[in-house]
Amino acid sequence: MDKKILIWSVTAALAGFLFGFDTVVISGAEKELQSIWNSSDVFHGVVVIGMALWGTVIGAIFGGIPTNKLGRKKTLFWIGILYTVSALGSCLANDPYTFAFFRFIGGLGVGASTIAAPAYISEIAPAKDRGKLVGLYQFNIVFGILIAFLSNYLLNNMGDNAWRWMVGIEALPAVIYTVFVLGIPKSPRWLLIKYRNSEAKQVLKTVNPNADAELLMDEIKQEMKNTVANETIFIKKYRLPLMLAFFIAAFNQLSGINAFLYYAPRILEEAGLGESTALLSSIGVGLTNMLFTLLGVFLIDKLGRKQLMYICSFGYIISLSLVSAAFFLNWEGSAMPVFLFMFIAAHAIGQGTVIWVFISEIFPNHLRGSGQSFGSSVHWVLAAIVPSFVPALFSIVGAGIVFAFFAIMMVLQLVFVKYMMPETKGVSLEELSKKLINE
């Protein structure tokens, strides 16, 4: 693999590190903030904590616009600015409304990064390495989550203003990332869409000096010939990639992954573990997530996207059924963390690694930003809805039924993988377009 492409891909993927860090860093500060501002549970949940998530949803819905108009590189740069402003503003805030506003700005960066970063990496990566390079984005997310937990732990003893340090420290990696982004080239495919042919040729020669730049440009132009001005992903010929993006994003959240990550200590306590053991187990969750994501990134171009989704579907069904059975049959104690770690491992090696890679591959070049935006929006809207209902559903129907529902959804995911999901491993983006578009 070319060293330059790896460096550029890692740089773009650092947007994922900031995404993971930004999402989880609040967990160390939220209890202190609630007591300082004396907020009610509803206000604290919906405004102080929830505004970042709604920023993410809006960033995902509208992030395709700058990704297409300004380009992948400029959008990645502005995402870095959003993270920096959010971190500094949040740490200097003196009231819950200002704090929520700056957390919302960070959320916009998170949502937009799920579009611009995978789109950029997929467009500069050679077909044979595209899976692992785009997969670096997901790896950086889980690495960011782990570093945020560690950072919160280390900054916890900074006195009365520890929370300011916790949320403000993010400005440091955000500034470094923003400066690094200035050094990456523009996406050659985006340049061609904008008819900036000589620039595109120059970048293509840099990206892949051994390939015939003219030949690749002809392939991309050929794909563009079949497009109509101002068309959208919602017209009939793009129905298949649209449905593929919808189902992979929906099943990602219908596995219960975000519900579990948000409430890991609570779920483990419900299963009969003490509070300290539950917290310790949730650090284990972070480590398991990272190790199996790394394994998924290593295997995605060897086994392919579809094989990883098979492994993950069976892993989900077995682990979620065992978790559900444990609640129904009162298998309290040490068995539960084992089942939940199996669930996290299944997610990390499959859905966690595959989702952003797959969505970034299935849409044609001129609609990749919009397609990525659609898939991200489905993911984030469900990521906002599903965890919101989990505490109430635990009380009303019980944890056993909730996990049984997630297991049934994963049986449906297995059907989707077998009968609908194409293998995209090692195929050029232009070749995939020909296969998936119904002219």
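Quantities reported herein were computed from a predicted structural model and do not represent experimental measurements. By convention here, the first residue in the shown sequence is residue 1.
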Check your understanding: If you measure from CG on Asn258 to CD on Gln253, what distance do you get to the nearest 0.5 Å?
Key -> 4.0 Å
Point to revise | Derivation and outcome, ring pair (Phe, Tyr, Trp, His ring centres under 6.0 Å), residues Trp380 and Phe19 | key: CA-CA 13 Å; Trp380 284 114; Phe19 161 178; 5.4 Å; yes
Review point. Is a side-chain donor or acceptor of Ser90 paired with a backbone partner of Ala87 at a separation under 3.5 angstrom?
Key: no
Exercise for review: May I ask you to decide if the ring planes of Phe403 and Phe406 are parallel, tilted or perpendicular, using 30° and 60° as cut-offs?
Suggested key: perpendicular
Review point. Under 3.5 Å, side chain of Ser373 to main-chain N/O of Gly369, donor-acceptor pair present?
Key: no
Revision key, fill the gap. When every non-hydrogen atom of Tyr120 is compared with those of Ser187, the smallest separation belongs to CE1-N, 3.9 Å
Check your understanding: Between Gly400 and Ser324, which heavy-atom pair has the shortest distance, and what is it?
Key -> O-OG, 2.7 Å
Practice item. Indicate yes or no: at least one non-hydrogen side-chain atom of Ile349 is less than 4.5 angstrom from one of Ile311. Key: yes
Review point. Under 3.5 Å, is there a donor-acceptor pair between the side chain of Arg130 and the main chain of Thr424?
Key: yes
Practice item. Any chance you could measure Phe21, atom CZ, to Asn152, atom CG, to the nearest 0.5 Å? Key: 7.0 Å
Exercise for review: Go through Tyr97 and Phe104 one step at a time and tell me if the ring pair (Phe, Tyr, Trp, His ring centres under 6.0 Å) criterion holds.
Suggested key: CA-CA 10 Å; Tyr97 297 100; Phe104 177 83; over 10 Å; no
Point to revise | Under 3.5 Å: donor-acceptor pair, side chain of Glu361, backbone of Leu429 | key: no
**Study point:** More than 12 heavy atoms of other groups within 6.0 Å of Phe62 CZ
**Key:** no
Exercise for review: State whether the number of non-hydrogen atoms from other residues, nucleotides or ligands found under 6.0 Å of Lys194 atom NZ is greater than 12.
Suggested key: yes
Practice item. Measure across Leu320 and Ser255 and return the closest heavy-atom pair with its distance rounded to 0.1 Å. Key: CD1-O, 3.8 Å
Point to revise | Which atom of Ile115 lies closest to which atom of Gly59, heavy atoms considered | key: CD1-O, 3.9 Å
Practice item. Answer whether the closest heavy-atom distance between the side chains of Ile7 and Ile184 falls below 4.5 Å. Key: no
Exercise for review: Could you check Leu294 against Val142 for side chain to side chain contact (heavy atoms under 4.5 Å, CB included), going step by step and ending with a plain yes or no?
Suggested key: CA-CA 10 Å; Leu294 199 56; Val142 294; over 6 Å; no
Check your understanding: Is there a donor-acceptor pair under 3.5 Å between the side chain of Arg189 and the backbone N or O of Glu123?
Key -> yes
**Study point:** side chain to side chain contact (heavy atoms under 4.5 Å, CB included) between Asn156 and Tyr153, worked out
**Key:** CA-CA 5 Å; Asn156 197 32; Tyr153 174 74; 5.8 Å; no
Exercise for review: Look at the rings of Phe247 and Phe416 and say which category their plane angle falls in: under 30° parallel, 30 to 60° tilted, over 60° perpendicular.
Suggested key: tilted
Review point. Would a 4.5 Å heavy-atom cut-off, applied to side chains only, mark Leu6 and Lys3 as touching?
Key: no
Practice item. Please indicate whether Phe251 has more than 12 foreign heavy atoms, meaning atoms of other residues, nucleotides or ligands, lying under 6.0 Å from its CZ. Key: yes
Check your understanding: Heavy atoms, side chains only, cut-off 4.5 Å: are Leu33 and Pro96 in contact?
Key -> no
Check your understanding: Any side-chain heavy-atom pair from Val417 and Lys306 closer than 4.5 angstrom?
Key -> yes
Point to revise | Nearest heavy-atom neighbours spanning Ser122 and Arg368 | key: OG-CD, 3.7 Å
Review point. Using a distance-only test with no angle check, is there a side-chain donor-acceptor pair under 3.5 angstrom linking Tyr137 and Ser113?
Key: yes
Check your understanding: Ignoring hydrogens and geometry, is there a side-chain-to-backbone donor-acceptor pair from Lys425 to Arg305 under 3.5 Å?
Key -> no
Practice item. Evaluate the side-chain proximity of Leu432 to Ile362: yes if any heavy-atom separation is below 4.5 Å, no if none is. Key: no
Check your understanding: ring-ring contact (aromatic ring centres under 6.0 Å, His included) with Phe17: which of Phe143, Phe139, Tyr83, Phe180?
Key -> Phe143
**Study point:** Student check: side-chain heavy atoms of Val357 and Lys132 closer than 4.5 Å
**Key:** no
Point to revise | Pairs satisfying side chain to side chain donor-acceptor pair (under 3.5 Å), at least one member in residues 340-352, at least two apart | key: Asn252-Gln351, Tyr316-His347, Gln351-Gln413
Point to revise | Nearest-0.5 Å distance, CG of residue Asn365 to CG of residue Leu192 | key: 8.5 Å
Study note, to complete from the structure: Rounded to the nearest 0.5 angstrom, the CG-CE distance for Leu412 and Met410 is 8.0 Å
Point to revise | Side-chain (Thr353) to main-chain (Ala348) donor-acceptor, under 3.5 angstrom | key: yes
Practice item. Verify, without hydrogens or angle tests, whether Thr84 (side chain) and Ala171 (backbone) share a donor-acceptor contact under 3.5 angstrom. Key: no
Practice item. Give the intermediate values and the outcome of side chain to side chain contact (heavy atoms under 4.5 Å, CB included) for residues Ile145 and Thr23. Key: CA-CA 7 Å; Ile145 288 170; Thr23 306; 5.7 Å; no
Practice item. Could you tell me the separation between the CD1 atom of Ile300 and the CE atom of Met309, rounded to the nearest 0.5 Å? Key: 10.0 Å
Exercise for review: Considering non-hydrogen atoms only, spot the tightest contact between Ala174 and Leu18 and give its length.
Suggested key: N-CD2, 3.7 Å
Revision key, fill the gap. Rounded to the nearest 0.5 angstrom, the NE2-CD distance for His44 and Glu30 is 4.0 Å
Practice item. Look only at the side chain of Thr75 and the backbone of Pro66, and say whether a donor-acceptor pair between them is shorter than 3.5 Å. Key: yes
Check your understanding: Taking C-beta and beyond as the side chain, do Arg103 and Ile26 meet within less than 4.5 Å on heavy atoms?
Key -> yes
Point to revise | Derivation of the ring pair (Phe, Tyr, Trp, His ring centres under 6.0 Å) call for Trp37 and Phe99 | key: CA-CA 11 Å; Trp37 291 324; Phe99 182 84; 5.7 Å; yes
Review point. Would you say Lys186's side chain and Leu191's backbone share a donor-acceptor pair under 3.5 angstrom?
Key: no
Practice item. Give the intermediate values and the outcome of side chain to side chain contact (heavy atoms under 4.5 Å, CB included) for residues Val181 and Thr11. Key: CA-CA 6 Å; Val181 164; Thr11 302; 4.2 Å; yes
